[in-house]
Amino acid sequence: MQTLGHLRRSLLALGVLAIAFVVLSAGVSAGQLKGVDHQVASTMTEIWRPQLKLPMQAIALLGGVEVTTLVALGLFIYIRRQGFRSEAWALLAYPLAQLIELVYKRLVFQPGPPPSIQHGDAPSLTWLLGGSVISNSFPSGHMLRTVLVYGLLAFVVVRMSERPAVRRWAVPAAVVLCVAMAFDRVYLNVHWESDVLGGALLGALALAGAIIWLDRPRGVVA
């Protein structure tokens, strides 16, 4: 549980992440990152190996709406069953962050990489729900969900698991998965590098907000 001083520092970090995301969004909208994006995409095309397509798509599934929704729902139920009913509402960060993602996909003009250089993403129910109608690709939803959901899972494991080994490896495992997802998005050329960075920042912002709610001093909100 946080002290009030720790809470203030957490709120400051939340503000810094929010500013960083807004600044990045403005830069993407102004086209200031196109050069770097295209350079990274060109590099990924050069090192592409067809035999890695299925493993990369498998990684992508972990950040898809289906898997992350199940993990988020499982966390919500688990936290409530442990007696932390109000804290479980921290999982509202999941739908709220995805709503912000959709808003930015409407507002920020950044079409995704051309189909000619894409290597095929993992299948998703969002295709059936009209997700492909939104042509803009900033920020990356896969990256957003990975940082938020698996970061929150690691936090809950560290705080509530009775097994020291599990607690010790929870955060490193989440970090490795986030790094793998970031590489996956650009290696498959389904997102620009700036999309991935934007998704990571938005996910970190939502994660910070959820952790502040989970770890707040009990006297702040009844």
Side-chain angles (χ1 to χ4, degrees), residues 1-28 62-63 65 67-69 71-76 78-80 82 84-105 107-108 138-161 167-182 185 191 193-222:
M1 184 179 295
Q2 296 180 348
T3 64
L4 287 176
H6 192 182
L7 177 61
R8 284 192 288 269
R9 290 192 293 273
S10 297
L11 290 171
L12 177 61
L14 189 72
V16 170
L17 286 169
I19 292 171
F21 178 70
V22 170
V23 170
L24 176 66
S25 301
V28 169
L62 296 176
V65 173
V67 174
T68 54
T69 297
V71 174
L73 181 60
L75 273 174
F76 178 80
Y78 174 76
I79 294 171
R80 283 181 64 86
Q82 295 302 309
F84 301 101
R85 291 183 172 270
S86 63
E87 284 81 357
W89 292 111
L91 271 300
L92 281 176
Y94 180 75
L96 289 175
Q98 293 198 97
L99 178 60
I100 295 173
E101 175 209 343
L102 291 176
V103 169
Y104 269 80
K105 274 188 163 66
L107 295 178
V108 178
F138 178 90
S140 165
H142 277 73
M143 199 66 218
L144 155 67
R145 291 186 291 269
T146 299
V147 172
L148 171 57
V149 173
Y150 296 108
L152 198 54
L153 176 61
F155 177 83
V156 171
V157 167
V158 168
R159 287 304 177 92
M160 303 182 71
S161 176
R167 293 198 304 269
R168 184 167 58 250
W169 287 104
V171 173
V175 171
V176 168
L177 181 54
C178 289
V179 171
M181 188 62 67
R185 299 291 80 200
H191 273 290
E193 182 186 29
S194 56
D195 299 336
V196 174
L197 181 55
L201 282 175
L202 183 55
L205 176 61
L207 175 61
I211 288 177
I212 288 172
W213 179 259
L214 275 172
D215 210 30
R216 70 192 187 282
R218 295 294 294 175
V220 174
V221 179

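- With sequence neighbours excluded, the residues satisfying side-chain contact (heavy atoms from CB on, under 4.5 Å) with Leu177 are Leu62, Thr146, Tyr150.
- Note that OG of Ser25 and CG of Leu107 are 9.5 Å apart. Values are rounded to the nearest 0.5 Å.
- Looking at every heavy atom in both residues, Ala208 comes nearest to Leu14 through CB-CD1, 3.7 Å.
- Trp213 contributes no side-chain N or O that, together with a main-chain N or O of Leu91, makes up a donor-acceptor pair within less than 3.5 Å.
- In this structure, CG in Leu197 is found 5.0 Å from CG in Leu24, a value given to the nearest 0.5 Å.
- Heavy atoms only, all atoms of each residue included: Leu17 and Ala204 are closest at CD1-O, 3.6 Å.
- In this structure, the ring-ring contact (aromatic ring centres under 6.0 Å, His included) partners of Phe76, at least two apart in sequence or on a different chain, are Trp89.
- To the nearest 0.5 Å, atom NE2 of residue His142 and atom NE2 of residue His191 are 7.5 Å apart.
- Here the closest heavy-atom approach between residue Ala97 and residue Ala206 is recorded as CB-CB, 3.8 Å.
- Counting only heavy atoms from C-beta outward, the side chains of Phe84 and Leu214 never approach each other to under 4.5 Å.
- Qualifying ring-ring contact (aromatic ring centres under 6.0 Å, His included) partners for Trp169, counting only residues two or more places apart in sequence or in other chains: none.
- In this structure, Val28 and Ser194 approach most closely via the heavy-atom pair CG2-CB, 3.8 Å.
- Taking CG from Leu148 and CD from Glu101, the interatomic distance works out to 11.5 Å, rounded to the nearest 0.5 Å.
- Partner Leu205 forms a side-chain contact (heavy atoms from CB on, under 4.5 Å) with one of Leu207, Leu201, Leu202 and no other, that one being Leu202.
- Looking at residues two or more places apart in sequence or on another chain, you find a ring-ring contact (aromatic ring centres under 6.0 Å, His included) between Tyr104 and Phe21.
- In this structure, CZ on Arg80 lies 9.5 Å from OG on Ser86, to the nearest 0.5 angstrom.
- Scanning for side-chain contact (heavy atoms from CB on, under 4.5 Å) contacts around Val179 gives Val175, with sequence neighbours left out.
- Note that CZ of Arg159 and CD1 of Ile79 are 12.0 Å apart. Values are rounded to the nearest 0.5 Å.
- Heavy atoms only, all atoms of each residue included: Gly63 and Met181 are closest at N-CE, 3.4 Å.
- Closest approach of Gly199 to Pro139, counting heavy atoms only: N-CB, 3.5 Å.
- With sequence neighbours left out, Thr69 forms a side-chain contact (heavy atoms from CB on, under 4.5 Å) with Val65, Tyr94.
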